[in-house]
Enquirer: 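Pasting a structure here, questions to come.
A, B, ... follow the sequence lines: proteins, then strands. Residue 1 opens every chain.
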Amino acid sequence: MSPLGASDSPARAPASPAQASGGRFGRGAEPPSEQRLASAFIAVALVALFGGVVTGALQALEHAGVNLYPWVAPLIKSYYHGLSLHGVLNVLVWTTFFICGFLPFIAARALATPLASPKLGWLTFWLMTAGLVLAAVPLVGNAATVMFTFYPPLRAHWAFYVGLTLVVAGTWLVTLNLALTWRAWRAANPGTRTPLAAFMSVVTFAMWTIASLGLAAEMLFLLIPWSLGWVGGTDALLARVLFWFTGHPIVYFWLLPAYVSWYTLVPRQAGGKLFSDPLARTSFILFLVLSTPLGFHHQYTDPGIHEGWKLVHAFLTFAVFFPSLLTFFNVVASLESGARARGGTGWVAWVRRLPWGDPSVAAQVLAMFLFTFGGVGGLINASYNLNLIVHNTAWIPGHLHLTVGTAVTLSFMGITYWLVPYLRGRALWSRPLALAQVWLWFVGMTIFSHAMHRLGMLGAPRRTMLGAATYVQPGWKLLMSLVGIGGTILFLSSLLYFLNIVLTLVASRGPAPAVPEFAEALSGPEHAPAVLDRWRPWIVLAFVLIAVAYGPTLVRLAATTPLTTPGLRVW
Amino acid sequence: MRQGTTVYLYELAWILPSIAIPVGMLAALVVTAFGANIHLPGAAGRVDPTKVTETAPFDALGVKEIAPGQYEVRMLAQVWSFTPNEIRVPAGSTVHFWATSRDVVHGLFIPKANVNVMLLPGQVAHVEARFAKPGEYLMICHEYCGIAHHTMAGKVIVTSEGGSAPHPNLPPQAGAGKAGARSAAISDPRGRELAGLEERK
């Protein structure tokens, strides 16, 4: 086979006069707009994450009987105010802004083509930031204590809904910019396979753009007119159906950028090669097609949706488990190739030969390990009847902290361990500190999520100020203390993380690292069926599946639901 | 190409079980759900959330014996309590819950009885549960519903005295009706909700 991997494909040839001198982006030359754009997005993401972990620590301590809310009362008015901040900042802001910075950066590198429109990129950044500020004003002011799911008839201030809608609209502009960039590349490189990292980035944003239509419809037709007082009422069920149309695939929007790193960068960082490029493309196409038509598995216990359609969505949820299994195999096989190249032997013992001294690799490998349990838990959640035991219990945030809280967040942290130093032009301030941070996260999350899962099995509800609850059972007490301990360790880990990042920005003196090269593949893109490089059939198929899975229920609800439920502020 | 071929064999060796595993789990799921007669809440009709206290069945809240060993509970959730907040039935009873919310989204969660249903304003929620053993069953609101959400709980007290076992010769009518409606739900998703609407009115 050709020794050429995705990164060394003919696409590497300079595609524009701007790059003809430098060949590829690198430091030393004037930093291209992509770098400044990525820096801006990631800076916002990191500020959000900081707010998210501080509020998270307060919740974990509350469960353990240490109620710090009276001390922070001028800023955070209640447990639920803090919880809304925690959810919105972590799962909506940290993830979205990081992704909108990281994927265009990585796609432009993979294509060796500048972003189609840096101006559009900056417009996107400012639109999303303006939306964020607009949403943050009521959120911080305790006028949007409605959690990141904002189920009506809990009614937040209109600025919260309008602001979040602007953020979503901004992500569509990222899609546009990526699509235009890909098209420019395609025009210059007819007949060449899209480099894997760029392919995955475009698929991620295409999937998200389709999936976010539900949320956009909920905002534009239900929540915004209602919060502004233009219409008298809303409907809880219709809003939830539209929310979960987006609410499950949004998890893949968070996860797939971590996969981009796991597939295209980590194998090489670990000293190996990507096992199979065609299999990686196949799994991403399947995510594009299957991510959206399965949201009812979040609504198994909702009245007003027929059991038959819930079962259909259960089937489709199990179908999307297939590309997850492909990813599991491909990524682990790639890691194994790296470990074996470094002298690893045995069936499992090769794991020890991974470059554990590299915090970027250690973070992402540990994230993958915990994600295995997150995946298993996710199957339980999706399992129709088993879901009755865990739905809306502490099990669910236990699960979410393994997926978005570790697979995504710890991976993104691992990425920033090379990306922030690269963008800043200085070495990471301390590798040992970074390694300590990564392991602390792993230990803290293991304790925290284990305790949360077990609390859920014992019947403790989620999103509840358990330390003050009137019905705490004897069996919950020890687990609630473990939540506090795990949460405290996670908070310490976060502090080490931010310390390292801030010192990298201001005090580090070493030379900047290079961006990790894209991994070559054992089985390269030339083995992939050509149909995987076409967009239209897959996007059409995605819409067809959505129409089948959602069409009848959405049409029925839209046609028969009177919008009569008034809004309430009960916090 | 040789290396590519080896990779292809590995891929195949993984892909086939990757299809078999979810398919096998789905089969297990269907068998256990339908074999054990475990049902999810379906569509049981709408109720105008602004007139809920004047609309049947929520104009007369409480617990009622509808057949030997069969109880009907008509329940309203509001910030931050259930009405009724305490339900008393003899051991061995089957309880048919008809519930909704009169304000924001609440949840009805009885961990030890596998009752787990969202109470949405505008929607009638219907679930059934059998309370085999005497004792106190905690009944929790498990959806964030405002500042005192953590105080919203009640209980089902299952008494041992005078417990009438479900009558073997009296199949529960509501149960039989549900089975019929369920098959209708799959063949005709609209039919059942409309039927439920009329039934409720």
Side-chain angles (χ1 to χ4, degrees), chain A residues 1 78 80 147 151 153-154 235-237 240 275-276 279 300-310 314-315 318-319 321-322 325-326 329 333 379 383-385 388-389 391-393 458-459 461-466 468-471 473 522-524 527 552-553 556 564-566 568 570-571, chain B residues 1-4 7-8 10-11 14-15 18-19 21-22 25-26 29 32-33 36 38-44 46 48-50 79 103-105 107 109 111-112 114 116-118 120-126 138 140-147 149-151 153 182 185-186 189-190 192-193:
Chain A
M1 69 169 267
S78 70
Y80 299 105
M147 307 291 142
Y151 298 137
L154 291 173
D235 184 73
L237 179 63
R240 286 164 71 89
F275 189 75
S276 167
L279 205 58
Y300 283 149
T301 66
D302 277 19
I305 300 170
H306 298 293
E307 266 190 290
W309 287 114
K310 291 177 178 174
F315 276 65
F318 275 76
F321 181 48
F322 175 61
L325 278 174
L326 295 188
F329 167 69
L379 281 173
S383 293
Y384 198 73
N385 40 356
L388 289 176
I389 297 171
H391 176 77
N392 260 12
T393 67
L458 293 176
R462 75 183 285 195
R463 294 178 159 175
T464 301
M465 192 181 182
L466 283 181
T470 49
Y471 46 77
Q473 304 292 299
L522 284 173
S523 170
H527 295 150
T553 305
R556 173 176 66 87
T564 50
T565 310
L568 285 167
V570 286
W571 62 85
Chain B
M1 285 310 290
R2 234 184 82 77
Q3 204 172 15
V7 167
Y8 176 71
Y10 275 114
E11 286 171 2
W14 181 260
I15 286 174
S18 294
I19 294 171
I21 291 169
M25 287 195 289
L26 258 180
L29 181 157
T32 52
I38 296 171
H39 291 290
L40 302 183
R46 280 192 55 87
D48 185 339
T50 57
V79 288
D103 42 50
V104 296
V105 177
F109 181 40
K112 287 183 191 164
N114 266 355
N116 192 330
V117 62
M118 305 312 300
L120 310 179
Q123 294 289 333
V124 178
H126 177 218
L138 192 58
I140 307 171
C141 171
H142 66 355
E143 182 59 76
Y144 165 68
C145 58
I147 195 71
H149 161 55
H150 49 278
T151 63
R182 193 163 52 251
I186 291 165
R190 272 190 82 123
R192 193 178 164 205
E193 174 158 54

Enquirer: Heavy-atom cut-off 4.5 Å, strictly under: side chain, backbone, both or neither for A:Tyr384 against chain B?
Expert: both

Enquirer: Are A:Ile305 and B:Leu40 close enough, and set up right, to give a side chain to side chain contact (heavy atoms under 4.5 Å, CB included), and what steps lead you there?
Expert: CA-CA 10 Å; A:Ile305 300 170; B:Leu40 302 183; over 6 Å; no

Enquirer: Any sub-3.5 Å donor-acceptor pair from B:Gln123's side-chain atoms to B:Pro121's backbone N or O?
Expert: no

Enquirer: Please determine, among A:Tyr80, A:Phe275, A:Trp571, the option with the most heavy-atom pairs under 4.5 Å with chain B.
Expert: A:Tyr80

Enquirer: Check step by step if side chain to side chain contact (heavy atoms under 4.5 Å, CB included) holds for B:Thr32 and A:Asn385.
Expert: CA-CA 8 Å; B:Thr32 52; A:Asn385 40 356; 3.0 Å; yes

Enquirer: Flag the pair B:Met118 / B:His142 as yes when at least one side-chain heavy-atom distance between them is below 4.5 Å, and no otherwise.
Expert: yes

Enquirer: So which of B:Thr50, B:Asn114, B:Asp103, B:Val79 has the biggest tally of heavy-atom pairs under 4.5 Å with chain A?
Expert: B:Asp103

Enquirer: Most heavy-atom pairs under 4.5 angstrom with chain B, which of A:Thr565, A:Thr464, A:Leu325?
Expert: A:Leu325

Enquirer: For B:Ile21, which atoms come within 4.5 Å of any heavy atom of chain A: side chain, backbone, both, or neither?
Expert: side chain

Enquirer: Kindly say whether A:Thr470 contributes a backbone atom to a donor-acceptor pair with the side chain of B:His150 at under 3.5 angstrom?
Expert: no

Enquirer: For A:His306 versus B:Ala43, what's the shortest heavy-atom pair and its separation?
Expert: CE1-CB, 3.3 Å

Enquirer: Of all the heavy-atom pairs spanning B:Phe109 and A:Leu388, show the shortest one and how long it is.
Expert: CE1-O, 4.3 Å

Enquirer: May I ask you to name which of A:Ser78, A:Ala319, A:Gly459, A:Pro566 has the most heavy-atom pairs under 4.5 Å with chain B?
Expert: A:Gly459

Enquirer: Checking B:Ile140 against chain A: side chain, backbone, both or neither under 4.5 Å from a heavy atom?
Expert: side chain

Enquirer: Counting heavy-atom pairs under 4.5 Å with chain A, which one of B:Ile147, B:Leu138, B:Asn116 comes out on top?
Expert: B:Asn116

Enquirer: If we only count heavy atoms from C-beta on, is the B:Tyr10 to A:Phe329 side-chain gap below 4.5 Å?
Expert: yes

Enquirer: Considering only heavy atoms and a distance below 4.5 Å, find which of B:Thr151, B:Leu120, B:Val105, B:Ile38 pairs most often with chain A.
Expert: B:Leu120

Enquirer: Counting heavy-atom pairs under 4.5 Å with chain A, which one of B:Pro111, B:Gly107, B:Pro41 comes out on top?
Expert: B:Pro41

Enquirer: Heavy-atom pairs under 4.5 Å with chain B are the metric here; pick the option from A:Leu458, A:Asp235, A:Thr553 that has the most.
Expert: A:Asp235

Enquirer: Pick out which of A:Arg463, A:Met465, A:Arg462 makes a side-chain contact (heavy atoms from CB on, under 4.5 Å) with B:Tyr144.
Expert: A:Arg463

Enquirer: Taking B:Cys145, B:Ala125, B:Ser18 one by one, which has the highest count of heavy-atom pairs under 4.5 Å against chain A?
Expert: B:Ser18

Enquirer: So for A:Leu466, is it side chain, backbone, both, or neither that comes closer than 4.5 Å to the heavy atoms of chain B?
Expert: neither

